[in-house]
Amino acid sequence: MAKPQAKQLVVCVNNEGYSVSLEKRKIYVALRDAVAEKHGLLRIVDESGEDYLYPKMFFLPIALPQSVKKAVLAAA
């Protein structure tokens with residue numbers, strides 16, 4: 001059985017070239033992908049509900065209280 005991927009919350013600060021897939025100022029779930037990160041990419045669950053690779057510089061990590069993070073992840 002595959003272990004669940006670690007999830008991080010990030011906010012989109014740039015969507016140049018990806019305006020259909022990403023909304024600026026929206027919170028997204030980033031899935032841990034060490035190989036992608038070495039290439040400057042993040043694996044993001046986008047508007048399609050699927051995860052795709054996007055430039056890491058398009059996002060900033062955000063810290064939320066644990067209860068809020070749990071609620072956001074449950075709603076994702």
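For residues 53-71, the set of pairs meeting the side chain to side chain donor-acceptor pair (under 3.5 Å) definition, not counting sequence neighbours, comprises D46-Y54.
Taking both residues in full, the closest heavy atoms of M57 and V13 are given as O-CG2, 3.9 Å, listed atom of the first, atom of the second, then distance. When all heavy atoms are compared, the tightest approach of Y28 to C12 is CE1-CB, 3.8 Å. Smallest separation of non-hydrogen atoms from F59 and P55: CD1-O, 3.5 Å. Between V10 and P61, the shortest heavy-atom distance links the atoms CG1-CA, 4.0 Å.
Using a 4.5 Å cut-off on side-chain heavy atoms (C-beta onward), L73 and V29 make contact.
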Which pairs of donor and acceptor atoms, one on a side chain in residues 34-42, lie under 3.5 Å apart (sequence neighbours left out)?
residue : atom : partner : partner atom : Å
E37     : OE1  : R32     : NH1          : 3.0
E37     : OE2  : R32     : NH1          : 3.3

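Hydrophobic cluster membership differs between I27 and Y52, with clusters built from Ile, Leu, Val, Met, Phe, Trp and Tyr side chains linked at under 4.5 angstrom.
With sequence neighbours excluded, the residues forming a ring-ring contact (aromatic ring centres under 6.0 Å, His included) with F58 are Y18, listed by chain and number.
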Could you check L31 against K7 for side chain to side chain contact (heavy atoms under 4.5 Å, CB included), going step by step and ending with a plain yes or no? CA-CA 5 Å; L31 304 176; K7 295 177 182 177; 3.8 Å; yes
Side chain to side chain contact (heavy atoms under 4.5 Å, CB included), that's the test. Do I44 and L53 meet it? Break it down for me. CA-CA 6 Å; I44 301 293; L53 296 174; over 6 Å; no
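Distance alone, capped at 3.5 Å, places no donor-acceptor pair between the D51 side chain and the R43 backbone.
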